[in-house]
Amino acid sequence: MIKAKIAVLVSGGGTNLQALIDAERAGKIKSGEIVLVVSNSKTAYALERAKNGGIESLCLTKKDCGGQEAFEQELIEALDTRGIDLVILAGFMSILSEAFTVHYPKRIINIHPALIPSFCGKGYYGLKVHEAALQYGVKVTGATVHYVNEIPDGGEIILQKAVNIRPGDTPEVLQRRVMEQAEWKLLPRAAELVCRRLVKEKGKTI
Ligand code: GAR
């Protein structure tokens with residue numbers, strides 16, 4: 001059985017990475033396998049999750065690489081030497097430049113904790129997204145998985161799921177509900193959908 005090779009890019013806690021690892025173990029991601037985790041933070045707990053899952057991991061920081069351009073070059077090299085087919089941004093808190101995104105057309109996906117086009121783009125990440133949603137007073141928010149292009153959070157939408165906001169929600173409470181009800185389900189589902197397409201396109205049979 002030939003599978004698409006997945007790299008997951010992370011920066012923090014890695015609960016979405018965990019959802020992907022668990023889904024693969026449970027046979028819900030049949031067309032892909034996670035072969036690499038890359039963190040741009042040395043202290044990311046996601047690195048522990050990769051280790052516990054027996055997945056190769058790397059830490060690449062802009063500082064150690066000597067800037068954005070060199071960071072992206074090293075990242076491309078790490079991905080290409082391993083024959084990565086799909087890059088999944090799972091709580092990856094750094095914007096990738098066009099020089100990087102053009103390298104993997106329709107082969108990078110991202111999970112965003114809101115219903116795009118609301119509360120997205122530059123400056124909207126992590127808890128800030130939920131703070132903005134509560135501040136605005138929307139009654140429904142959610143999560144979106146989309147392809148990544150040169151526009152932050154601007155690529156084609158793959159899956160979305162709505163989540164209700166409840167009276168008294170704090171950003172932390174809302175973040176947790178969006179993760180539980182939407183993100184941890186959507187991301188593995190989208191990963192399988194995209195891997196299935198990539199495997200087919202390559203003319204591989206599963
Ligand atoms: C998740 O809510 C993810 O959607 C969000 O950061 C959190 C990471 O949590 N990503 C963004 O805001 C990207 N713009 P995790 O490390 O536990 O998966």
Side-chain angles (χ1 to χ4, degrees), residues 6-24 29 34 36-53 55 57-62 75 87-97 100-101 108-136 138 140-165 169-191 194:
I6 302 171
V8 185
L9 272 52
V10 295
S11 300
T15 64
N16 279 287
L17 167 66
Q18 193 65 54
L20 289 166
I21 294 172
D22 294 347
E24 189 188 332
I29 300 176
I34 305 164
L36 180 68
V37 170
V38 182
S39 172
N40 66 347
S41 155
K42 287 174 186 159
T43 57
Y45 184 69
L47 286 168
E48 277 303 304
R49 296 183 191 271
K51 198 169 151 198
N52 295 339
I55 300 163
S57 63
L58 288 176
C59 183
L60 290 178
T61 67
K62 262 186 230 174
L75 186 54
V87 179
I88 301 182
L89 310 186
F92 184 66
M93 303 303 187
S94 173
I95 292 177
L96 293 161
S97 80
F100 182 87
T101 59
I108 314 171
I109 66 173
N110 176 50
I111 178 96
H112 183 74
L115 293 174
I116 291 175
S118 291
F119 313 115
C120 66
K122 204 164 180 272
Y124 287 99
Y125 58 88
L127 216 48
K128 287 180 192 289
V129 177
H130 304 292
E131 283 165 3
L134 290 174
Q135 172 108 35
Y136 198 95
V138 291
V140 177
T141 184
T144 304
V145 182
H146 62 92
Y147 286 109
V148 173
N149 62 12
E150 69 286 358
I151 304 157
D153 296 326
E156 184 189 329
I157 290 171
I158 303 167
L159 293 174
Q160 283 189 307
K161 191 168 189 291
V163 173
N164 285 330
I165 288 175
D169 270 352
T170 63
E172 290 80 6
V173 166
L174 182 58
Q175 179 180 52
R176 181 78 192 178
R177 188 178 318 118
V178 169
M179 284 176 161
E180 283 176 356
Q181 294 186 4
E183 296 187 44
W184 300 340
K185 294 177 183 165
L186 279 193
L187 191 57
R189 222 179 282 155
V194 177

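Bear in mind the structure is a predicted one, so any value in this text is a computation, not a measurement. Hydrogens, waters and symmetry mates play no part in the numbers below; they use all other heavy atoms, side chains included. Start at 1 and go down the list; that is how both ligands and their atoms are numbered.
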_Neighbour count >12 (heavy atoms, 6.0 Å) for atom CZ, F100_ = yes
_Under a 4.0 angstrom heavy-atom cut-off, which atoms of ligand 1 come close to Y125?_
12 (O), 14 (N)
*Hey, is M93 one of the residues with a heavy atom under 4.0 angstrom from ligand 1?*
yes
*Going by the atom numbers of ligand 1, which of them fall below 4.0 Å from some non-hydrogen atom of N16?*
1 (C), 18 (O)
*Heavy-atom nearest neighbour of atom 16 (O) of ligand 1 within options G12, G14, G91, A46*: G14
*Pick one: which of L186, N110, I157 meets side chain to side chain contact (heavy atoms under 4.5 Å, CB included) with V145?*
L186
_Among all protein heavy atoms in this structure, tell me which lies nearest to atom 12 (O) of ligand 1, with the distance rounded to 0.1 Å._
G126 N, 2.7 Å
*Provide the number and element of each atom of ligand 1 under 4.0 Å from a heavy atom of P113.*
2 (O), 4 (O), 5 (C), 10 (N), 11 (C), 12 (O)
_Per-atom contacts, ligand 1 versus H112 - under 4.0 Å to a heavy atom_ = 14 (N)
_Is any side-chain heavy atom of L96 closer than 4.5 Å to one of L89?_
yes
_Starting from atom 4 (O) of ligand 1, what is the nearest protein heavy atom, named by residue and atom, and what distance separates them?_
E183 OE1, 2.7 Å
*Provide the number and element of each atom of ligand 1 under 4.0 Å from a heavy atom of M179.*
1 (C), 2 (O), 9 (O), 17 (O)
*So N40 and S11, side chain to side chain donor-acceptor pair (under 3.5 Å) or not? Walk me through it.*
CA-CA 6 Å; N40 66 347; S11 300; 2.8 Å; yes
*Set of ring-ring contact (aromatic ring centres under 6.0 Å, His included) partners for Y147, sequence neighbours left out*: none
*Walk me through it: do I55 and R49 pass the test side-chain contact (heavy atoms from CB on, under 4.5 Å)?*
CA-CA 9 Å; I55 300 163; R49 296 183 191 271; over 6 Å; no
*Nearest non-hydrogen atom to atom 15 (P) of ligand 1 belongs to which of D153, L89, T15?*
T15
*Carefully, step by step, assess S41 and T43 under the rule side chain to side chain donor-acceptor pair (under 3.5 Å).*
CA-CA 5 Å; S41 155; T43 57; 3.3 Å; yes
